Number of protein chains: 2
Amino acid sequence: MKWDTLDEEPCSLSRTIAVIGDRWTLLILRECFLRVRRFEAFQSALQITRHLLSERLKKLVRFGILRRVPYSEAPKRYEYILTQKGLDLYPIIMAMVHWGDTHMGDERGRPLLHEHKTCGKQFDPVMVCSECGEPLHAKQVHVHPGPGRKEAIG
Amino acid sequence: MKWDTLDEEPCSLSRTIAVIGDRWTLLILRECFLRVRRFEAFQSALQITRHLLSERLKKLVRFGILRRVPYSEAPKRYEYILTQKGLDLYPIIMAMVHWGDTHMGDERGRPLLHEHKTCGKQFDPVMVCSECGEPLHAKQVHVHPGPGRKEAIG
DNA sequence: CTCATAAGTCTGAAAAAGGAACTGACTTGA
DNA sequence: TCAAGTCAGTTCCTTTTTCAGACTTATGAG
């Protein structure tokens, strides 16, 4: 597998994997959604080596997930902020959190609860069909080739 | 980071990452949802080395995502079938596909289209709040510690 | 007997990750 | 003004994973 051109595959899942398909990147994104923005903060939260953190942040900036914004001129210092493209990863993260809550939980209960500010309630994320609004299940979905070629789930 | 105990972290995202947080595993799951079930079929579809495929399938079986079911007694041959726990990963895969469609597309258009058998229409997956049914956005969600401890997105 | 198929295992080389010290441009406090 | 601290990285070396491809075991077909 040529991982360096995975983002050009005719499969949307491969293209997504090219960007967020590794453990450190996902953990970095978790911190981003928890409003962590600075190099030192990521490093101490995750205990990732500085080398890898530096490389992963560059990659996320290159793919337009994060913006590198100066917050101090002298000395030059930057922080990393989610772009809209990055914010749009939220459903992926939430789907993963929800699966973990459901299938990997232990007797201690959920680590975090989520409150929807809009309605004020504690909620779970549910994936529904954009057309009929019903919850989606794998077996109710039929795939067929789109204009960007056939094969693969997406 | 001790990746081997990631599934015991007090964070549902970490626990999910422990299971599906690598590129090959996600691609193997893609094939599972496309109804691929046998060792040789995975291998030729993905061009993954047999060694890694073997290891990843074992891991998915160990975590209860796949079941190893005999389909021939002599010689003994097995196929790998998604369990309910595995089928429940569908929203994660679909969320990734949808993000790829939206943000990593090219001029050729989508590689695959999805039809919801229930309503008969071509659809996109949408993540909504289980309580009010409104689409979820990162900024409308407030997290607070649950019984299984604080910190981390989930 | 020989070839083909399926599901793996083994091995040596290449790539990625890990650990820890180092750099450079400041700021703060004594 | 001198030492110590902060922040955002970079460099270097070791250990672990991954990769590519050959080998194995069991069996059926011709």
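None of these values were measured; they are calculated from a predicted model. Computation of the quantities below employed the complete heavy-atom set of this structure, encompassing side-chain atoms and omitting hydrogens, waters and symmetry-equivalent molecules. In what follows, chains carry the letters A, B, and so on, assigned in the order in which the sequence lines appear, proteins first and then strands, with residues in each chain numbered from 1.
Of the possible donor and acceptor atoms, one in the side chain of B/T102 sits under 3.5 Å from a partner among the backbone N and O of B/H98.
Across all strands shown, B/R23 has no heavy atoms under 4.0 Å from either base or sugar-phosphate atoms. Using a 4.0 Å heavy-atom cutoff across all strands shown, B/F42 reaches no nucleic acid atom at all.
When side chains are defined from C-beta on, B/L46 counts as touching B/I28, because their heavy atoms get closer than 4.5 Å.
You won't find any donor-acceptor pair under 3.5 Å spanning the side chain of A/R50 and the base of C/dA20, going by distance alone. Residue-to-nucleotide contacts include no donor-acceptor pair under 3.5 Å from the side chain of B/R77 to the base of C/dA7.
Going from atom CG of B/L57 over to atom C1' of C/dG8 covers 11 Å, rounded to whole Å. Between A/Q43 atom CD and C/dA20 atom C1' the separation is 11 Å, expressed in whole Å. Per the geometry, NZ belonging to B/K2 stands 11 Å off P belonging to C/dG18, to the nearest Å. B/R37 places its CZ atom 16 Å from the P atom of C/dA6, with the value rounded to the nearest Å. For A/R56 and C/dG18, the CZ to P distance is 8 Å, given to the nearest whole Å. Remark: C1' of C/dT27 and CD of A/E73 are 16 Å apart, rounded to the nearest angstrom. With rounding to whole Å, B/L53 atom CG is found 16 Å from C/dC10 atom P. Rounded to whole Å, atom P of C/dT5 lies 13 Å from atom OH of B/Y71.
Nearest-nucleotide assignment on DNA chain D puts the 5′-proximal partner with A/R38, out of A/R38 and B/H51. Nearer to the 5' terminus of DNA chain D, by closest-nucleotide assignment, is the contact made by A/E40 (compared with the other of B/E55 and A/E40). Both B/S54 and A/Q47 lie close to DNA chain C; mapped to their nearest nucleotides by heavy-atom distance, the more 5′-ward contact belongs to B/S54.
Of the N and O atoms on the side chains of B/T49 and B/H51, not one donor lies less than 3.5 Å from an acceptor on the other residue.
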Which side-chain N or O atoms in residues 80-87 of chain A pair as donor and acceptor under 3.5 Å with protein atoms at least two apart or in another chain?
from  : atom 1 : to    : atom 2 : distance (Å)
A/Y80 : OH     : A/R68 : NE     : 3.3
A/T83 : OG1    : A/G64 : O      : 2.6
A/T83 : OG1    : A/I65 : O      : 3.1
A/T83 : OG1    : A/K85 : N      : 3.3
A/T83 : OG1    : A/G86 : N      : 3.1
A/Q84 : NE2    : A/D88 : OD1    : 2.9
A/K85 : NZ     : A/F63 : O      : 2.8

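In this model, the phosphate group of C/dA25 is not approached by any side-chain N or O of A/Y78 to a distance below 4.0 Å at OP1 or OP2. Close to C/dA15, at under 4.0 Å from its OP1 or OP2, lies no side-chain N or O of A/W3.
The span of DNA chain D lying next to chain B, judged by atoms under 4.0 Å from heavy atoms, is bounded 5' to 3' by D/dT18 to D/dG28.
Look at A/E9 and A/K2 and you find a salt bridge, because one of the NZ, NE, NH1 or NH2 atoms lies within 4.0 Å of a carboxylate O, short of that distance. Taking the charged nitrogens against the carboxylate oxygens, A/R50 and A/E40 do have a contact shorter than 4.0 Å, which makes a salt bridge. The existence of a salt bridge linking B/R15 and A/D101 is excluded, since no basic side-chain nitrogen approaches an acidic carboxylate oxygen closer than 4.0 Å.
Ring geometry for A/F33 versus A/Y90: interplanar angle of 30 to 60°, hence tilted.
Listed candidates were C/dA17, C/dA25, C/dA7. Nearest to the side chain of A/P75 is C/dA25.
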